[in-house]
Novice: 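Encoded as structure tokens, here's the structure I'll be asking about.
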Amino acid sequence: LALLPSDNETVEAAVIANMAVDEGLLHRDVSSSSYRFVHDQVREAAYSIIPEAERDLFHLSIGRQLIQRIPPQDVEENIFAVLGQIIRGIPFVEDHSEKLTISRFCLVGGEKAKSTASFHFAAEYLAQGCELLDKNDWEIDYQLALKLHTGAANALLAVGNYERMLQTVEKVLARGKAFSDKFPAYYAMIHGAGTQGRVNEVVRYSLDMLNALGVSLPAKPEMESVQEHYKKLMPKLDLQTDCTSFVRQLQSRRAEDPNKIAAMRVLSILGRFSFISNQLLANMCTMTGITLCLENGITKESALLFAMMGSLACIMDDYGEGYRFGKIALALLRETNDKALLPRVYMIVFGLVNINVDPLQAGLEQLKYGYEIGLSVGDTEFAFTNIWIYVVSALVCGRSLQSLSEEISSYLIGMKAYKNHMQHLLLPYGQGILNLMGETGRPSDNRQGDNRQELPYILRGALMNESNVLDRPLTPRSVKVVQTVYNLKAMIAYLFREYDVAAQCAEKAESVASGRSFSPATQVLSSFYRGLIAIQMCRTGTTQAEKWRAVFDREMTKMKKWSATASWNCEHKRLLFQAEAAYCAGDRVAAKIAYEDSIRLAADHGFVSDQALACERIGLFCADTIGTDAALPYLQRALSLYQEFGAEAKVKHLLMCLSIPTGSS
């Protein structure tokens with residue numbers, strides 16, 4: 001009632017409203033002098049009286065009165081009520097000054113929506129505010145136009161509306177007065193291209209911006225220059241100083257030059273997105289950013305740069321230093337308390353660095369937290385990267401397939417809604433897990449009879465059809481997906497003793513590989529099964545035994561290296577390699593000891609699926625070298641562990657094998 005233009009109208013309206021209260025149609029809130037309908041159906045009936053053609057004008061009229069009547073100090077509190085009315089009638093607004101007024105309200109509403117992680121509403125309000133402005137308004141109220149457009153670009157990026165985001169960015173780049181005013185637009189453009197997997201565009205945009213900021217980087221660095229830069233940089237990082245003292249030294253100096261601050265941010269973004277496709281460039285970005293930190297002082301981006309430096313040190317096999325840089329990154333992040341950076345730092349530290357030293361299980365909850373915070377701040381790219389690494393790591397740990405499958409389903413909904421490219425890497429894992437659970441999509445003739453069974457290594461079912469990936473021409477954007485599909489097919493085929501298929505898939509995965517795997521968890525998983533497949537092919541008397549022996553030796557070298565720093569995660573895998581190699585060489589005593597040690601460590605360290613596999617392998621070894629009676633306890637234990645894992649398809653497979661002769665392992 002306070003919004004009505006005169007006291008007489010207020011009194012008249014109050015009389016009518018009170019009559020409606022008496023009739024049971026309205027409820028009165030005495031404390032605020034407000035009324036509301038007692039039921040939605042009453043409200044809808046009242047609303048239906050208004051002719052449909054006049055409703056938008058009706059909402060516009062209410063919105064105009066709200067704008068006129070709400071005191072400035074109460075605007076933010078009531079902004080959603082105002083915009084909910086006014087936006088319906090915007091097509092009827094013709095006065096330019098009124099458009100400017102509404103656009104200011106859109107800015108307030110967009111910023112408030114963004115602060116509450118309501119990014120869809122933020123994008124709607126800010127984009128609407130942009131549409132109300134014309135080219136001249138950039139001169140009339142430059143700050144309003146700049147804030148609306150940069151805010152809209154970031155909100156549109158957060159909700160995955162890349163086309164509209166680019167249109168908004170183009171206006172900022174064309175009309176922004178100072179280069180620094182264009183920084184947020186560049187960031188949004190680079191992130192947008194990266195989120196869609198268009199890495200070449202990320203590189204081009206980033207290098208152009210860096211050149212303008214006075215930082216020169218080669219698009220395709222040479223390995224020699226990267227190694228030389230690394231050797232020169234490491235002594236400057238006070239490797240002998242403890243982390244606490246080194247962090248204090250860093251925090252004593254803050255960067256002030258806006259161009260250097262912007263350069264460090266671009267380097268951190270470019271380094272992240274080029275990590276898979278152009279690792280040498282990613283390494284140069286990291287080292288250049290760290291050098292700028294040391295020379296100019298730290299920024300909030302420094303936590304991310306030191307996390308990236310930790311990843312680089314691990315790539316250089318300096319796992320201890322990588323772990324130290326990860327601790328520095330977390331300390332800097334705590335000091336800034338910047339939630340926008342947390343998903344990025346957590347993804348690198350807990351997904352790429354600490355896994356090389358700490359138990360794999362130790363980082364799972366942090367990766368999930370990085371995902372949750374990423375969604376809350378609109379950083380969907382790093383949110384979904386965190387959760388992809390979490391899924392792979394949880395699978396390696398032997399987490400319950402049922403619960404993991406349910407989680408994946410919910411994550412995929414978000415990835416598809418935001419059009420995030422990580423869904424293409426997650427789908428094969430989701431389908432592979434369904435296959436292990438017994439939910440495959442293609443039947444095959446059973447070799448043991450006329451019954452029909454599923455081919456578990458065919459990734460075809462509720463989530464994906466592998467043909468849609470493997471039958472298409474290979475492109476730079478599809479390489480990692482194709483490699484992932486073949487690696488998973490190789491793993492599952494090996495588990496179901498389809499060794500020829502496993503070998504073919506392992507070879508195909510190798511043939512399409514380009515650069516280093518993004519996550520150490522994927523490296524370990526693919527290396528583990530590639531090594532097992534290789535030694536199996538040696539033992540089955542293939543004509544290519546020499547080639548497969550070289551593959552096994554290579555994977556064993558990797559596993560020894562990883563086991564030296566992350567024994568919790570890899571020592572039981574190395575021991576299974578050792579057992580299979582001894583079995584192949586005919587050293588039964590050494591093989592049995594190594595099998596038993598692998599089973600014990602896998603159990604002690606909580607790797608249920610690896611424990612099940614080791615039990616099955618020693619069971620097959622015993623059946624072949626001692627007899628079925630010696631094999632049965634191990635195979636029954638494997639059966640129980642596969643059931644605990646949730647691999648129902650493998651349980652059925654093992655039960656079937658237990659009912660027939662086990663001469664072939």
Side-chain angles (χ1 to χ4, degrees), residues 119-120 156-163 165 191-199 201-202 272-273 275-277 343-344 347 351 367-368 370-396 399 401 403-437 439 441 458-472 474-489 509 512 514 517-519 521-522 525-526:
F119 295 104
H120 285 281
L156 290 165
L157 171 64
V159 299
N161 193 335
Y162 304 115
E163 183 178 351
M165 179 272 291
H191 264 298
T195 300
Q196 296 176 85
R198 302 200 309 267
V199 180
E201 291 180 31
V202 172
R272 156 66 182 92
F273 284 118
F275 185 90
I276 294 179
S277 61
R344 310 176 196 187
M347 183 274 291
L367 289 168
K368 288 182 74 172
Y371 160 75
E372 293 165 1
I373 296 299
L375 289 185
S376 73
V377 299
D379 190 350
T380 54
E381 172 63 19
F382 279 88
F384 293 131
T385 306
N386 268 287
I387 214 59
W388 175 72
I389 297 175
Y390 161 78
V391 166
V392 177
S393 301
L395 178 62
V396 173
R399 288 288 179 95
L401 293 180
S403 60
L404 195 54
S405 178
E406 292 170 359
E407 288 184 83
I408 289 173
S409 296
S410 66
Y411 301 144
L412 284 171
I413 291 171
M415 289 180 176
K416 291 175 181 178
Y418 287 103
K419 303 174 186 176
N420 187 272
H421 68 101
M422 293 303 296
Q423 64 180 290
H424 303 299
L425 285 173
L426 185 58
L427 281 167
Y429 284 97
Q431 188 60 53
I433 287 170
L434 287 176
N435 285 18
L436 289 172
M437 293 168 61
E439 300 181 24
I458 300 292
L459 299 185
R460 182 181 302 168
L463 293 183
M464 70 171 291
N465 183 343
E466 65 177 42
S467 298
N468 295 332
V469 175
L470 303 182
D471 293 349
R472 294 180 178 179
L474 196 65
T475 67
R477 292 179 65 180
S478 67
V479 165
K480 289 299 176 185
V481 180
V482 172
Q483 185 183 9
T484 297
V485 170
Y486 277 128
N487 276 329
L488 286 168
K489 285 171 65 65
V512 300
S514 62
S517 297
F518 179 66
S519 165
T522 61
L525 184 63
S526 60

Novice: So, do Leu156 and Phe119 sit near enough that their side-chain heavy atoms are less than 4.5 Å apart?
Specialist: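 In short, these two side chains do not touch, never coming nearer than 4.5 Å.
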Novice: Tell me whether Glu406 contacts the main-chain N or O of Ser403 through its side chain, where contact means a donor paired with an acceptor under 3.5 Å.
Specialist: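 Between the backbone of Ser403 and the side chain of Glu406 there is no qualifying donor-acceptor contact (under 3.5 Å).
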Novice: Counting N and O atoms only, with roles assigned by atom type, does the side chain of Ser478 sit under 3.5 Å from a partner on the main chain of Val481, one being a donor and the other an acceptor?
Specialist: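 Side chain of Ser478 to backbone of Val481, a donor-acceptor pair under 3.5 Å: no, none is there.
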Novice: Would you say Ser376 and Ile373 make side-chain contact, with heavy atoms under 4.5 Å?
Specialist: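 Yes. Closest side-chain heavy atoms under 4.5 Å.
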Novice: Step by step, would you call Glu381 with Arg272 a side-chain contact (heavy atoms from CB on, under 4.5 Å)?
Specialist: CA-CA 11 Å; Glu381 172 63 19; Arg272 156 66 182 92; 2.9 Å; yes
Novice: Take Asn435 and Glu439, measure what side chain to side chain donor-acceptor pair (under 3.5 Å) needs, and give me the verdict at the end.
Specialist: CA-CA 5 Å; Asn435 285 18; Glu439 300 181 24; over 6 Å; no
Novice: Quick check: do Leu525 and Asn487 have side-chain heavy atoms less than 4.5 Å from each other?
Specialist: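 The answer is no, as the side chains (C-beta and beyond) never meet within the 4.5 Å cut-off.
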Novice: To the closest 0.5 Å, what do you measure between CG (Leu427) and CG (Asn465)?
Specialist: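 Going from CG on Leu427 over to CG on Asn465, the span is 11.5 Å.
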Novice: Please check if the side chain of Asn386 supplies one atom and the backbone of Pro343 the other of a donor-acceptor pair under 3.5 Å.
Specialist: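 Flag set: sc Asn386 to bb Pro343 pair under 3.5 Å.
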Novice: Compute whether any side-chain donor of one residue and acceptor of the other, for Thr522 and Ser519, lie under 3.5 angstrom apart.
Specialist: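 No, Ser519 and Thr522 have no side-chain donor paired with an acceptor closer than 3.5 Å.
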Novice: Does any part of the side chain of Val485, heavy atoms only, come nearer than 4.5 Å to the side chain of Met464, both counted from C-beta?
Specialist: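 Met464 reaches Val485 side chain to side chain.
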Novice: Taking the side chain as C-beta and beyond, is there a heavy-atom pair between Ser405 and Leu434 under 4.5 Å?
Specialist: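 Yes, their side chains come closer than 4.5 Å.
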Novice: Starting from the C-alpha separation in whole Å, work towards a yes-or-no answer on side-chain contact (heavy atoms from CB on, under 4.5 Å) for Thr380 and Met415.
Specialist: CA-CA 8 Å; Thr380 54; Met415 289 180 176; over 6 Å; no
Novice: Output yes when a side-chain donor or acceptor of Gln423 lies under 3.5 Å from a complementary backbone atom of Lys419, and no otherwise.
Specialist: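 Not confirmed, Gln423 side chain does not pair with Lys419 backbone.
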Novice: Would you compute the distance between atom CD of Glu372 and atom CD1 of Ile387 and round it to the nearest 0.5 angstrom?
Specialist: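 Atom-to-atom, Glu372:CD and Ile387:CD1 are 7.5 Å apart.
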Novice: Looking just at side-chain N and O atoms, do Thr385 and Arg344 make a donor-acceptor pair shorter than 3.5 Å?
Specialist: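 Short answer, no.
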Novice: Show, in sequence, the C-alpha distance, side-chain angles and deciding distance for Tyr418 and Thr195, and conclude whether the side-chain contact (heavy atoms from CB on, under 4.5 Å) test is met.
Specialist: CA-CA 10 Å; Tyr418 287 103; Thr195 300; over 6 Å; no
Novice: Do the rings of Tyr371 and Tyr411 sit parallel, tilted or perpendicular, given the 30° and 60° boundaries?
Specialist: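 If you compare the ring of Tyr371 with that of Tyr411, the planes turn out perpendicular.
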Novice: Can you name the one residue among Lys489, Arg460, Gln431 that meets side chain to side chain donor-acceptor pair (under 3.5 Å) with Glu466?
Specialist: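 Only match with Glu466 under side chain to side chain donor-acceptor pair (under 3.5 Å): Lys489.
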Novice: Classify the ring geometry of His191 against Phe382: parallel below 30°, tilted from 30° to 60°, perpendicular beyond 60°.
Specialist: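 His191 and Phe382: perpendicular rings.
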Novice: Dump the intermediate steps for side-chain contact (heavy atoms from CB on, under 4.5 Å) on Tyr486 and Leu470, then the final yes or no.
Specialist: CA-CA 9 Å; Tyr486 277 128; Leu470 303 182; 3.7 Å; yes
Novice: If only atom types and distance count, is the side chain of Ser393 paired as donor or acceptor with the main-chain N or O of Ile389 below 3.5 Å?
Specialist: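 Yes, Ser393 side chain to Ile389 backbone: donor-acceptor pair under 3.5 Å.
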Novice: When you measure from the centre of the six-membered ring of Phe273, is the NZ or CZ of Arg198 under 6.0 Å away and within 45° of the axis?
Specialist: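 No.
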Novice: Are the side chains of Lys368 and Glu407 in contact, using a 4.5 Å heavy-atom criterion?
Specialist: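 The answer is yes, as the side chains (C-beta and beyond) meet within the 4.5 Å cut-off.
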Novice: With side chains defined as the heavy atoms from C-beta onward, is the minimum distance between Tyr429 and Leu404 less than 4.5 Å?
Specialist: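 Not in contact.
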Novice: Heavy-atom distance under 4.5 Å between the side chains of Ile408 and Ile433, does that happen here?
Specialist: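 Yes, their side chains come closer than 4.5 Å.
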